[in-house]
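The chains referred to below are lettered A, B, ... by the order of the sequence lines, with proteins before strands, and numbering in each begins at 1. From a predicted model like this one, the values you see are computed outputs, not experimental measurements.
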Number of protein chains: 2
Amino acid sequence: MTTRERPTLEAVARRAGVSRATVSRVVNGSTTVAATIREAVTRAVDELGYVPNQAARSLVTQRTDSIALILPETANRVFSDDLFFPAIIRGVGTELEAADKQLVLMMTGSEAGHHRVERYAVAGHVDGVMFASIHGADPLPGALARRGIPVVCSGRPMNAGTPVPYVDVDHAGGVAAAVRHLIATGRQRIATIAGPQDMVAGIERLAGYTGTLREAGRPEIVVAGDFTRESGIEGMRALLAREPSLDAVFVASDLMAHGALLALREAGRRVPDDVAVIGFDDFEISRYSDPPLTTVRQPIAEMGRTLARQMLRLVGGGTELPEPVVLPTELIVRDSA
Amino acid sequence: MTTRERPTLEAVARRAGVSRATVSRVVNGSTTVAATIREAVTRAVDELGYVPNQAARSLVTQRTDSIALILPETANRVFSDDLFFPAIIRGVGTELEAADKQLVLMMTGSEAGHHRVERYAVAGHVDGVMFASIHGADPLPGALARRGIPVVCSGRPMNAGTPVPYVDVDHAGGVAAAVRHLIATGRQRIATIAGPQDMVAGIERLAGYTGTLREAGRPEIVVAGDFTRESGIEGMRALLAREPSLDAVFVASDLMAHGALLALREAGRRVPDDVAVIGFDDFEISRYSDPPLTTVRQPIAEMGRTLARQMLRLVGGGTELPEPVVLPTELIVRDSA
DNA sequence: GTGAAAGCGCTAACAG
DNA sequence: CTGTTAGCGCTTTCAC
């Protein structure tokens, strides 16, 4: 390994026969530099392989041009075959790349991880922090915001304290469409496997189910899951044990819906003949499951893009907070209902 | 948002009635500070919510205490239901956390991304760079190493140029075990759906297949895939068209194997009665597919841990390069073969 | 055991 | 249009 000394601005300046200030101007794209000098500097930069020292630069500019995206989950959850995070990341990445900002991903499954992220951001490693999802009344977004660090969230924060801009989707609306579809196709006993009630997505999807059924004067049959396939399997078994006569189930995530399909097969029920199933997310699995899942599509990449745009406005010196954004959802009908 | 001014060392020093040097000592855990003073400083730090400015600190220490893990893929590939990357990340995360280093994830699906990572590292944003996988003869690891930046790779680099420490698994050994299992259970015409031939994993798994069959004097039947489920479906269809009499197939990844299962069902072949299928990876899907897949398990999290340990040795001032490490693989027999 | 002082490498006024 | 100068906030000798 060639532990070559990194050249400094000074070295480039000497080589090009100009002052450090001029080199700095060229490197930062100032237009007020004579063409010949600019060229000489550029050549010196190339020859030396000069790259500005980020620490020195940040020290004076107070910027790093990189932005953190926090995945408040363990690696297993982040990368399950649930493609929520990838889609968010893709959307965020697209916008940030266009703005020439570096995206830094951080996973914080643990309490300790939370603290490290806070220090990381406060220490000035990044110019702003985006949350890819929010659990319960997570205090971190508010804490960072109070520290003066630009913060935006994907998913409405349940925490009322410090206002933080966010982007979310119309969970309840999508669920209502799903449940109405079930009612319209003649289903009588419509159950649900709900998501975790410490997340807005879990709460609002359940609310959508409850509200729509209540409106239609139908009974509610609810069990709770945690968005994992395993919990979908268990949830379906529990539902079947409690209400053997059910003929439809709205499952709050595709992964859980896939689990439900597995449990239904195990119990000898045909889908959709005996039991209709509708999921939520429109992940890949919903197209490859047997049968393919009717589900609710949410524009996740668009969420990511919106999130990034809000952040860019914030770090771009915008003084007022961006307004929250709620994106529409859409029922995708396949074979399971 | 309270854009409160961040307190500096100076502010803490004034408040505690000591010099900046002393505050610095306390903050950095020096033992040569009187207990009473240390306490006064600590109190001042807490009251002011002081967090050291990372840029200023890095400028003098030449360290950032954070390390990058490069995922040289697009978001879609990184987070497919292929759980390779999550497992690597988990392993790396565990070790780094213990060493109090911050893990920074970066995805570089594009050419442009590659450049940005190089600049990012050379600019001193991180102390070292780990690659979670390697495509073809990627020049980036070598380029960074030549720049004097600590580099380690998961997957043997195909690039001979600059030597870079790496950790990999015994692909060929695992495949050989799989193929021998197929032979031992009486299969006659054993085909394979290979992985991409621009990656060591693809090449060596194919080599394991070819070598073992040749040794046994059996014919080789090969089609190429790219580790995606879709390519598994197509590969299996192609195989069936070309060699309708085949009775076994070794598929170079579980995701492709799942696709093969789908194609086999579509063609009316029973697994394992008509055709035996063995995958590679032991991802979650192999337990939930129908039937569950016989597959080759690789200790991915262990790879991640080893990778991190190599890196820590490097940034810890170790002068000599860590030796490459090759971890063992293991055949996991389930119902598909 | 503690303080004073000298930079780390860069940018940003401010002159010229 | 270019150079000089003054720091950004911190660590680290070196005296005391």
Worksheet item: Under 4.0 Å between a Lys/Arg side-chain N and an Asp/Glu carboxylate O for A/K101 and A/D65?
Response: yes

Worksheet item: Salt-bridged, B/E95 to B/R305, with N to O below 4.0 Å?
Response: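 So B/E95 does not pair with B/R305 through a salt bridge.
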
Worksheet item: Is it true that a side-chain atom of B/T94 and a backbone atom of B/R90 form a donor plus acceptor pair closer than 3.5 Å?
Response: yes

Worksheet item: Is the backbone N or O of A/R63 less than 3.5 Å from a side-chain atom of A/D127, with the two atoms forming a donor-acceptor pair by type?
Response: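 No: the side chain of A/D127 does not pair with the backbone of A/R63.
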
Discussion item. Can you list everything that forms a salt bridge (Lys or Arg N to Asp or Glu O under 4.0 Å) with A/R38? Sequence neighbours excluded, please.
Written reply: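 Expected list: none.
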
Worksheet item: Which whole-number value in Å describes the distance from A/E10 CD to D/dT4 P?
Response: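 Answer to the nearest Å: 11 Å.
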
Worksheet item: What are the 5'-most and 3'-most nucleotides of DNA chain C lying under 4.0 Å from any heavy atom of chain A?
Response: C/dG9 to C/dA13

Are there any protein N/O atoms within less than 3.5 Å of an N/O atom in nucleotides 7-9 of chain D, and if so, which ones and at what distance?
| unit_1 | atom_1 | unit_2 | atom_2 | d |
| --- | --- | --- | --- | --- |
| D/dG9 | N2 | B/A56 | O | 3.3 |

Fill in: Shortest non-hydrogen contact between A/A87 and A/I300, atoms and distance
CB-CG2, 3.5 Å

Discussion item. Which heavy atom of B/L307 sits nearest to which heavy atom of B/S154, and what is that distance?
Written reply: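 Shortest heavy-atom separation between B/L307 and B/S154 comes out as CD1-N, 3.6 Å.
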
Discussion item. So if I take residues 23-33 of chain B and measure heavy-atom distances to DNA chain C, which residues fall below 4.0 Å?
Written reply: B/R25, B/T32, B/V33

Item to complete: Could you tell me whether A/A34 contacts a base, only the sugar-phosphate backbone, or nothing, with contacts defined as non-hydrogen atoms closer than 4.0 Å?
Response: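 Sugar-phosphate only.
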
Worksheet entry | Pairs satisfying salt bridge (charged side-chain N to carboxylate O under 4.0 Å, His left out), at least one member in residues 46-55 of chain B, at least two apart | B/R15-B/E47

Fill in: Flag for A/H135-A/E73: side-chain donor and acceptor within less than 3.5 Å
yes

Discussion item. Let me check the geometry of the helix from C/dG1-D/dC16 to C/dG16-D/dC1. What is the bend angle between the axes at its two ends, five pairs each, to 10°?
Written reply: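 For the helix from C/dG1-D/dC16 to C/dG16-D/dC1, the axes at either end differ by 40°.
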
